[in-house]
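Step one of this worksheet: look at the structure below.
Order of the sequence lines sets the chain letters (A, B, ...), proteins ahead of strands, with each chain counted from 1. What's counted below: heavy atoms across the whole structure, side chains too, no hydrogens, waters or symmetry copies.
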Amino acid sequence: MARTSTAARSTIPAPGKIPIVLTINGIATQLEVAPWTTLLDALRDHLDLTGTKKGCDHGQCGACTVLVDGRRINSCLTLAVMKDGAEVTTIEGLATNGVLHALQQAFIDHDAFQCGYCTPGQICSAAGLIAEGKVKSEDEIRELMSGKICRCGAYPNIVAAIQQAMGQS
Amino acid sequence: MINFHYARATDVADAVRQIAADPRAKFIAGGTNLIDLLKEDVERPSRLIDISRLPLKSVEETAEGGLRIGALVPNSDLAYHPLITQRYPMLASAILAGASAQHGDDRRQSSATHALLLLLRHRDALQ
């Protein structure tokens with residue numbers, strides 16, 4: 001297996017980096033990434049935007065959720081080169097002029113986290129959920145926030161925080 | 001993840017030409033399945049051909065009374081599409097249930113082709 005793997009690698013010339021432009025939290029940003037660089041790694045390792053967290057790195061925990069052109073996605077399952085030209089909003093881009101986003105304040109008000117590792121993904125996902133405008137009930141919040149794992153089990157508080165923010169939006 | 005080349009298809013004909021030119025190339029659309037398999041070393045393509053910007057994102061009624069679903073329609077758009085919710089509510093439920101079980105947000109970034117199995121199950125259930 002290892003021999004096959006090495007042989008396969010040797011037949012592929014090392015691809016060069018690709019220049020891309022991402023508008024991140026409102027700022028057009030040029031960077032050069034390898035084709036296999038995920039959007040998550042580009043944010044964290046190339047741009048030092050470490051608010052977005054790497055949890056499972058397989059699209060199952062939701063910690064890496066960001067908004068791309070307004071839609072919430074798992075940045076660990078997206079290649080940065082595929083998003084060339086896109087607008088990306090991370091947790092760092094939600095507050096305006098030092099004033100917390102309604103969701104950030106609501107998460108504080110409702111103790112919607114303990115360790116906080118999943119929180120940036122929870123909040124970005126909730127921002128996308130509110131923008132989608134499909135949620136009417138508490139059950140629908142739970143359903144449409146599925147795939148966001150909170151190892152501390154703060155789910156009731158997360159739902160309460162989202163309900164508070166929805167009431168303000 | 002292994003190294004690979006990346007190219008963006010300019011149109012459908014270009015996508016076909018590029019995949020035909022490299023037997024170890026793969027298409028990438030939403031990426032939620034393929035990128036995971038790349039990380040697990042299951043898929044080892046020499047080149048990814050990005051088809052995500054091709055104009056295959058519409059849901060249209062056909063003359064025969066059916067629907068033609070573009071291969072790049074995101075699952076969430078499909079599940080909430082008026083024609084799907086009105087005529088195929090079980091399909092809408094299946095897409096939402098299937099995506100949340102494993103991948104959470106993937107339903108918003110993965111494409112309708114990902115839901116092909118659900119479509120087939122839906123058809124079988126109706127027969």
Lys26(B) atom NZ, over 12 foreign heavy atoms within 6.0 Å = no

Donor-acceptor pair, side chain of Arg8(B) and main chain of Met82(A), under 3.5 angstrom | no

If you measure from OG on Ser76(B) to CZ on Arg71(A), what distance do you get to the nearest 0.5 Å?
-> 4.5 Å

Cluster check Ile73(A), Ile20(A): I/L/V/M/F/W/Y, side chain < 4.5 angstrom = yes

Rounding to 0.5 Å, atoms CG (Leu48(B)) and CG (Leu79(A)) come to a distance of 6.5 Å

NE2 (His58(A)) and CG (Leu37(B)) are apart, to the nearest 0.5 Å, by 10.0 Å

Measure Cys76(A) against the heavy atoms of chain B and call it side chain, backbone, both or neither at under 4.5 Å.
-> both

Straight-line distance of Cys56(A) SG to Asp36(B) CG, nearest 0.5 Å = 8.0 Å

Where Tyr6(B) and Pro35(A) come nearest, the two heavy atoms and their spacing | CB-CB, 3.7 Å

Hey, is CD on Glu92(A) packed in by over 12 heavy atoms from elsewhere, all under 6.0 Å?
-> yes

Distance, nearest 0.5 Å, that separates CH2 of Trp36(A) from CG of Asn3(B) = 3.5 Å

Measure distances from Arg47(B) to the heavy atoms of chain A and classify the residue's part below 4.5 Å as side chain, backbone, both or neither.
-> neither

Honestly curious: do Val21(A) and Val88(A) fall in one hydrophobic cluster under the side-chain, below-4.5 Å linking rule?
-> no

Could you state whether Met145(A) and Tyr117(A) fall into the same hydrophobic cluster, counting links through intermediate Ile, Leu, Val, Met, Phe, Trp or Tyr residues with side-chain heavy atoms under 4.5 angstrom apart?
-> no

Tell me, for Ile149(A) versus chain B, whether the close heavy atoms (under 4.5 Å) come from the side chain, the backbone, both or neither.
-> neither

Common cluster, Leu34(B)/Ile18(A), ILVMFWY with side-chain heavy-atom separation under 4.5 Å | yes

Common cluster, Val68(A)/Leu40(A), ILVMFWY with side-chain heavy-atom separation under 4.5 Å = no

Atom OG1 in Thr38(A), atom CG in Leu38(B): separation rounded to 0.5 Å?
-> 11.5 Å

